[in-house]
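Scroll down for the structure; my scribbles are underneath it.
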Amino acid sequence: MQEQVTGRAWVFGDSIDTDNMYPGYAMRMPVEQAAEHVFYAIRPEFASGVRPGDIVVAGRNFGIGSSRPVAQLFRQLGVAALVASEFNSLFFRNSVNFGLPAVTIPGVHEAIADGEQVRLDIRAARIERLAGGEPLQGAPLPEFVLEIVARGGLMAKLAADGYLPA
Amino acid sequence: MSMTIIEKILARASGSERVGAGDIVVCEIDMTVLIDLQFATMWAPPTRIADPDRLAVIMDHAVPAPTVADADGGVRAREFVKAFGIERFFDVGRHGICHQVIAENGLALPGEVLTCTDSHTCAAGAYNSAARGLGPVEVYSIMCTGRTWFQVAPTIRYELHGERAAVVSGKDVFLHIAGAYGDATNHNIEFGGPGLASLPMHDRRAIATQGAEVSADFTTFPADELCRSYLDERSDRPYQPVDPDPDARYAAVREVDLGALEPYVARPGGVSENALPVSQIERRRVDQCFIGSCANGQIEDLQIAAEVLGGRRVAPGVRLIVTPASQAVYTEAVRRGYVEALAEAGAIVTNSTCGACFGYHMGLLGAGEVCITASTRNFRGRMGSPDAEIYMASPYTVAAAAVAGEIIDPREL
């Protein structure tokens, strides 16, 4: 896992739901194609504009909704991490279990402007604007969650433990 | 020991004497349910699994298969259950929406921990279990290892009083709570109080199912006499009911007077702080009405629909779709004449599936259309076009809208 990531912040508001990121009709598509539909209704330019290393920033209750694997689509698009003031617990687990860092930093969506460059320290749960100013601090993820992310998700761990065919 | 229901269940499952909010625990999972989508998307046959007796496979989201990918998933599911000797396999024809099948077969009993690849797994909280939805890779992991971790969330308790009116259902109780109090993100919800005794099991299931819609972790009810007799008709496995300790610690205790409630409607977009009594909701013309899903495809929901539609017609220009929650509900609805009453009134009664509820197959909405639904979720774009609007209400209110062609107070019929 890359512990320090620098990229453009895509900033969203409160209660962004899973269906918004991964619409039901896209569940019929292969992951590469489904990824073109992330934020299709509220931010249609996202999928074509996002670059590897970019960071998605959101407000409260990020990811309310379904167990559909949104993180797969973010990873497909090269998103380096999710940072939110608060995560829905299913969405949080579903992200880290697919190897996508999800860091809670209260107030982050108000402190960072959409489009600006930010540096995130995943292990320290700290984000700062490259333009300057005080960094924002969250509670660091437990070590075992960081390990899941570092391995690239739960499937890699299961493979290493011999649960998957070689 | 100062524990809530969920804390007690997680303490038992993790072999801890006591757990409290903030603790991270590793729990043995009593039952895990895989659904069809899992096999259609990220499936790789495992080399070994923890315990075939603590696993069930239920075909529900995309049945009968609407795509070749879903059909291929069905092939993989059947190969898997055969290879590993999974006895609890609910294939197309003896299937249902997983949370209904879980209820009918007693797959979640008081004091147990249930996990499944669907966000509405909290439905089984109606049966005094710690049940929650998890993502597909985590459920796969539990299938392999038999366990997972939870961070114990603080619990909000709803203390129920009084008795609901006949026109009020569990859906209305939930919409009242969601409208008045909003999200419970990173919290558990526990119900109790003297009003619980008058709340039927189908209402409790609708309420527990919708815990996911206020972003809660676990939602649970105690196992009172009504709950125990419901379960004893469906399972002969032993169980131990779990009550909260008298000095359990709650993040909040909120009182609900069931007798004061009326039918509620949530406006499009979500339910939190977005639901009002029907008398305060605009009379919108509707294009589609839907009664179904794990929350509202129960036999009692179909009964209400059939009673409202019996001798009446679905209004011109309106589509009414009714989806029984399981094949068992479907056959019972046929036996009782509900399917005939609904079909004669102009409704479409579909096979049991999650299809219309999550906008995957059947009954999608076009741009500019208005829908009122008695199902689980009314996010923008949930049931088709992002330019459709989805209101949410009880089966009674939805059936009344189908007859009137617009959102009305069902008591006006």
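Computed from heavy atoms alone, side chains included, the values below leave out hydrogens, waters and symmetry copies. Just so it is clear: chains get the letters A, B, ... in the order the sequence lines come, proteins before strands, and each one is counted from 1.
- For the options A:Arg60, A:Lys157, A:Arg28, A:Arg68, heavy-atom pairs under 4.5 Å to chain B are most numerous at A:Arg28.
- Between chain A and the options B:Asp70, B:Thr41, B:Thr145, the largest number of non-hydrogen pairs under 4.5 Å is found for B:Thr145.
- Between chain B and the options A:Ser66, A:Ala71, A:Pro30, A:Gly24, the largest number of non-hydrogen pairs under 4.5 Å is found for A:Ser66.
- Here the NE2-OG1 distance, from B:His99 to B:Thr209, works out to 7.0 Å after rounding to the nearest 0.5 Å.
- Side-chain N or O atoms of B:Tyr140 include one that pairs as donor or acceptor with a backbone N or O of B:Ala44 at under 3.5 Å.
- Among the candidates A:Asn88, A:Asn94, A:Ile64, the residue making the largest number of heavy-atom pairs closer than 4.5 Å to chain B is A:Ile64.
- Only the side chain of B:Arg377 comes within contact range of chain A, with at least one heavy atom under 4.5 Å from a heavy atom of that chain.
- Most heavy-atom pairs under 4.5 Å with chain B, from the set A:Gly153, A:Pro165, A:Ala166: that is A:Pro165.
- With hydrogens and angles disregarded, a donor-acceptor distance shorter than 3.5 Å links the side chain of B:Asp60 to the backbone of B:Cys98.
- Aromatic ring centroids of B:Phe150 and B:Phe218 lie under 6.0 Å apart.
- The parts of A:Leu90 that come within reach of chain B are both its backbone and its side chain, each placing non-hydrogen atoms under 4.5 angstrom from that chain.
- A centroid separation of 6.0 Å or more is found between the aromatic rings of A:Tyr25 and B:Tyr360.
- Looking at B:Arg48, its side chain does come within 3.5 Å of a backbone N or O of A:Gly162 through a donor-acceptor pair.
- Nearest heavy atoms, B:Ile29 versus B:Arg54: O-NH1, 2.7 Å.
- With a 4.5 angstrom heavy-atom cutoff, B:Ala69 does not touch chain A via any of its atoms.
- Both the backbone and the side chain of B:His361 come within contact range of chain A, each with at least one heavy atom under 4.5 Å from a heavy atom of that chain.
- Among the candidates B:Gln151, B:Arg132, B:His187, the single residue satisfying the side-chain hydrogen bond (donor to acceptor under 3.5 Å, both in side chains) test with A:Ser89 is B:Arg132.
- A salt bridge is defined here as a Lys NZ or Arg NE, NH1 or NH2 lying under 4.0 Å from an Asp or Glu carboxylate O, and A:Asp54 with A:Arg8 fails to meet this definition.
- B:Leu37 touches chain A through its side chain: at least one heavy atom from C-beta onward sits under 4.5 Å away, while N, CA, C and O do not.
- With chain A as partner, the option from B:Ser215, B:Pro66, B:Gly270 having the largest number of non-hydrogen pairs under 4.5 angstrom is B:Ser215.
- In this structure, the portions of B:Ser141 lying under 4.5 Å from any heavy atom of chain A include both its backbone and its side chain.
- Heavy atoms of A:Val70 lying under 4.5 Å from chain B are absent altogether.
- Per-residue heavy-atom pair counts under 4.5 Å with chain A were compared for B:Gly135, B:Cys144, B:Ser272, and the maximum is reached by B:Cys144.
- Heavy-atom distances place the backbone of A:Phe87, and not its side chain, under 4.5 Å from chain B.
- Under 3.5 Å, the side chains of A:Glu86 and A:Asn61 contain no donor-acceptor pair of N or O atoms.
- Ion pairing between a basic and an acidic side chain is recognised when a charged N comes within 4.0 Å of a carboxylate O; B:Asp72 and B:Arg76 show no such pairing.
- Looking at A:Ser15, only its side chain comes within 4.5 Å of chain B, counting heavy atoms on both sides.
- When all heavy atoms of B:Ala108 and B:Ala124 are compared, the closest pair comes out as CB-CB, 3.6 Å.
- Listed by sequence position, A:Tyr40, A:Ala41, A:Ile42 are the residues of residues 31-44 of chain A in contact with chain B, using a 4.5 angstrom heavy-atom cutoff.
- Interface remark: B:Thr121 contributes no atoms to any contact with chain A (heavy atom separation under 4.5 Å).
- Side-chain atoms of A:Ser67 come within 3.5 Å of backbone N or O of B:Thr117 as a donor-acceptor pair.
- Ion pairing of B:Arg380 with A:Asp17 is absent here, as no side-chain N (NZ or NE/NH1/NH2) approaches a carboxylate O to less than 4.0 Å.
- B:Ile24 touches chain A through its side chain: at least one heavy atom from C-beta onward sits under 4.5 Å away, while N, CA, C and O do not.
- Applying the 6.0 Å contact sphere to CD of A:Glu134 captures no more than 12 heavy atoms from other residues, nucleotides or ligands.
- In terms of heavy-atom pairs under 4.5 angstrom with chain A, the leader among B:Pro136, B:Ala216, B:Ala212 is B:Pro136.
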